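Below is one structure; the comments refer to it alone.
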Amino acid sequence: MSLETRAVLASYEPAGDLLTVWSSTQTPHLGRRALADLLARNLESIRVIAPDVGGGFGPKAPFYAEEAVIPAAALRLGRPVKWIEDRREHFMCATQERDQYWKVALALDPAGKILGFRGTMLHDTGAFVPWGIIMPYIAAVTVPGPYAVPAYRLDMTVVLTNKVATTPVRGAGRPQAVFVMERLMDRAARELNLDRAELRRRNLIRPDQMPYAVGLIFRDGKPLVYHGGDFPRGQATALALADYDGFRARQARARQQGRYIGIGVGNYVEGTGLGPFEGVTVRILTNGKVAVATGATNQGQGQRTTLSQIIADEVGCRIEDIVMTIGDTAAISQGVGAFASRQAINAGSSALISGQSVKRQIVALAALTLGVTESDIEVEDGRAIARTGNKPILGFGELAKLAQGVPGVSFAAGQTPGLEHTAYFTPAQASYCNGTHVVEVEVDPMTGGATLLRYTVGHDSGNIINPLIVDGQVQGGVAHGVGNALFERMTYDESAQPQSITFADYLLPTAPEVPRCTIEHIETPNPLNPLGVKGAGEGGTIPAPAAIVSAIEDALAPFGVRFHEAPLTPARIVEELRRAGAYEKLSTA
């Protein structure tokens, strides 16, 4: 549930035969291609603009019928046409995710080392497949996570039903897979009488095993291979920050006071930075500004800030001198869009490559103009400065004019027109971020209400470009995970008619329900891109349901209840407590 629902505005200009569409989409270039096919128009006669969108989270990535109907109406009527989805329409028509049913088993030796995993998974894909079946596929190959699993088999069944279609939602199949594996790990620890964190530690893939081939094919079509990452250090960091070792004493004191608190742990690995590419153009303007265009889009991830930082560092200008165009198909010919925690890797690397190229062009032109060697030129604050002599200076604006040349006059030997470069970074494979979440929960057994007391995250997304933005992504992801764990569920009657189509029936976490996270970054550089970064947009969500449900189960351990699903609502908690005879125990205590 994004803050902003979907919206489309289309306008046709007969003079230029140009159809312009503004859409709250995550994928403007993909949308333009779909429109060109449906309307039988040349690609260049369509411009799609994705303005800053109030949240995407995945459901705004597919191409919807309205994105074709509204432009078609604008063409037919010869006037602008606008459509804004209301909340009820969003509940009933926008794509969704998460419904899967698993039956699984985990084999371990007496020391707790994993020997193998097997099971079945049933995925409800809804009435059609607008984004393929990648959610169950990603779930299937995410199960091993950070653990060494030598033998693995999963039989996956995808079922068409008459419900709304499923497409990726923040996490895209991974929260379900992590929930399955982490619940199994808790069960195994209980059976083996081992501490839950210790069992995980014994099975974590070690840094000296990197690169680690899992033995599966990821959704990008490439072998699933982890490059970089220190899973044991990540878990140890999160446990230390959470004072995991001191929890049992805290729990004992709470129980003496009649309070039920528990702790849960969740580990995950996420495939990020998926291809095929993303592009960035960097161009020096004659007024000294630096124009930047990218096919990447912005739904609150801080793309402008992050890309501006990279380009300012590489080109040698001030951030305030960057003029950026995001998500506009007229600004750059090719693009893919925002999904799969991919933009820092793809757009960020393209920004780095373009910035470096333009910097070389600036240095070459300045050296040629000033009659010095290239090694004698420094670039900073939008100026090229010669180190020797009287240190003459050429500003970016003057250099841009020189790069245009004089009409009818030949360039000097070695000079090239303009100061610009477009790069399209194409990753060789997915990059894998990872992390550990530790959460403390207090449960009121009389009402089933669960309160999150403390939330700790050890997170590795490679080199950090902007710590505040990454922290915000993790914190926001945890908020989404809290909703998945405790609140958000679409309900249907026997005819698959939706029953939860208002916020009175479909509950979201609000500020009091979402704790402020303690976040520690474990930076292991990613060797698969020049920035050394990994994705960060979804990691906060992925292990949250597993960790929270684990903590609830731990809090209610005296009653012997077990939980195998999410969301875990108060009603479900009370139902299990009643089935376990907890209220008879409480009444006699």
Side-chain angles (χ1 to χ4, degrees), residues 1 98 171 175-176 178-179 182-183 185-187 190 196 238 242-244 247-248 250-266 436-457 475-491 500 503-518 540-583 585-586 589:
M1 287 295 156
R98 297 291 194 259
Q176 300 96 308
V178 171
F179 190 90
E182 296 302 301
R183 293 274 65 213
M185 294 297 277
D186 284 353
R187 170 75 179 271
R190 188 167 62 247
R196 289 171 291 165
D243 188 21
Y244 182 85
F247 176 75
R248 291 306 171 198
R250 295 198 297 278
Q251 187 180 52
R253 290 194 298 271
R255 286 182 181 170
Q256 289 173 0
Q257 301 165 1
R259 298 169 54 229
Y260 294 87
I261 68 172
I263 195 165
V265 179
T436 300
H437 289 205
V438 184
V439 57
E440 286 188 35
V441 172
E442 180 170 353
V443 183
D444 182 345
M446 301 309 295
T447 66
T451 302
L452 305 186
L453 303 176
R454 188 174 183 177
Y455 207 110
T456 307
V457 178
Q475 176 71 61
V478 168
H480 200 146
V482 170
N484 286 177
L486 300 174
F487 298 98
E488 299 181 60
R489 184 166 193 161
M490 285 294 292
T491 58
S500 48
F503 285 136
D505 309 298
Y506 183 96
L507 300 182
L508 289 170
T510 58
E513 286 80 53
V514 179
R516 182 184 295 274
C517 297
T518 300
T541 301
I542 291 167
I548 292 169
V549 172
S550 175
I552 292 172
E553 188 175 274
D554 183 56
L556 299 175
F559 306 108
V561 294
R562 302 286 180 259
F563 299 108
H564 308 291
E565 79 276 359
L568 197 53
T569 62
R572 277 290 297 120
I573 293 172
V574 169
E575 180 185 348
E576 265 327 292
L577 287 169
R578 183 176 290 115
R579 183 179 290 118
Y583 297 111
K585 297 177 185 177
L586 286 168

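Here the structure is a predicted model, which means the values were calculated and not measured.
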| message | Does R250, at its CZ atom, have more than 12 non-hydrogen atoms belonging to other residues, nucleotides or ligands within less than 6.0 Å? | response | yes
| field | Separation between CZ of F559 and CZ of R579, rounded to the nearest 0.5 Å | value | 16.0 Å
| query | Where is the tightest heavy-atom contact between G481 and P545, given as atom of each residue plus distance? | reply | O-CG, 4.0 Å
| request: Could you check if a side-chain atom of T491 sits within less than 4.5 angstrom of a side-chain atom of S500, using non-hydrogen atoms only? | output: yes
| request: Could you pull out all residues at least two apart from Y260 that satisfy side-chain hydrogen bond (donor to acceptor under 3.5 Å, both in side chains)? | output: none
| Atom CD in E576, atom CZ in R578: separation rounded to 0.5 Å? | 11.0 Å
| said: Contact between L577 and L586 at the side-chain level, heavy atoms closer than 4.5 Å - yes or no? | reply: no
| request: Working to the nearest 0.5 Å, report the span between NE2 of H437 and CD1 of I542. | output: 8.5 Å
| said: Quick test of your reading of the model: are E553 and R190 salt-bridged, counting only N-O distances below 4.0 Å? | reply: yes
| message | Take a 6.0 Å sphere around CZ of R248 and say whether it holds more than 12 heavy atoms from other residues, nucleotides or ligands. | response | yes
| Do you know the tightest heavy-atom contact between P445 and Y583? | O-OH, 2.7 Å
| Hey, is the main chain of R516 close enough, under 3.5 Å, to the side chain of Q475 for a donor-acceptor pair? | no
| query | Can you check whether E488 reaches L508 side chain to side chain, under 4.5 Å on heavy atoms? | reply | yes
| query | Any idea which heavy atoms bring F563 and R572 closest together, and the distance? | reply | CE2-O, 4.3 Å
| message | Can you list everything that forms a side-chain hydrogen bond (donor to acceptor under 3.5 Å, both in side chains) with N484? Sequence neighbours excluded, please. | response | R98
| query | When rounded to the nearest 0.5 angstrom, what distance separates CZ in R196 from CE in M185? | reply | 12.0 Å
| Non-hydrogen atoms of G266 and A547 that approach each other most closely | N-CB, 3.9 Å
| said: Nearest 0.5 Å, please: how far is CZ in R253 from CD1 in I261? | reply: 8.5 Å
| remark: To the nearest 0.5 Å, atom CE of M490 lies from atom CG of D505 at 9.5 Å
| remark: Here the pair of heavy atoms bringing S550 nearest to D186 is OG-OD2, 2.6 Å
| query | Is any side-chain heavy atom of T569 less than 4.5 Å from a side-chain heavy atom of L507? | reply | no
| task | Any chance you could lay out the side chain to side chain contact (heavy atoms under 4.5 Å, CB included) test for Y455 and I548, step after step, and finish with the verdict? | result | CA-CA 9 Å; Y455 207 110; I548 292 169; 4.3 Å; yes
| message | The criterion is side-chain contact (heavy atoms from CB on, under 4.5 Å); which residues satisfy it with R255, sequence neighbours excluded? | response | Q251, A557, P558
| Non-hydrogen atoms of A555 and V443 that approach each other most closely | CB-CG2, 3.9 Å
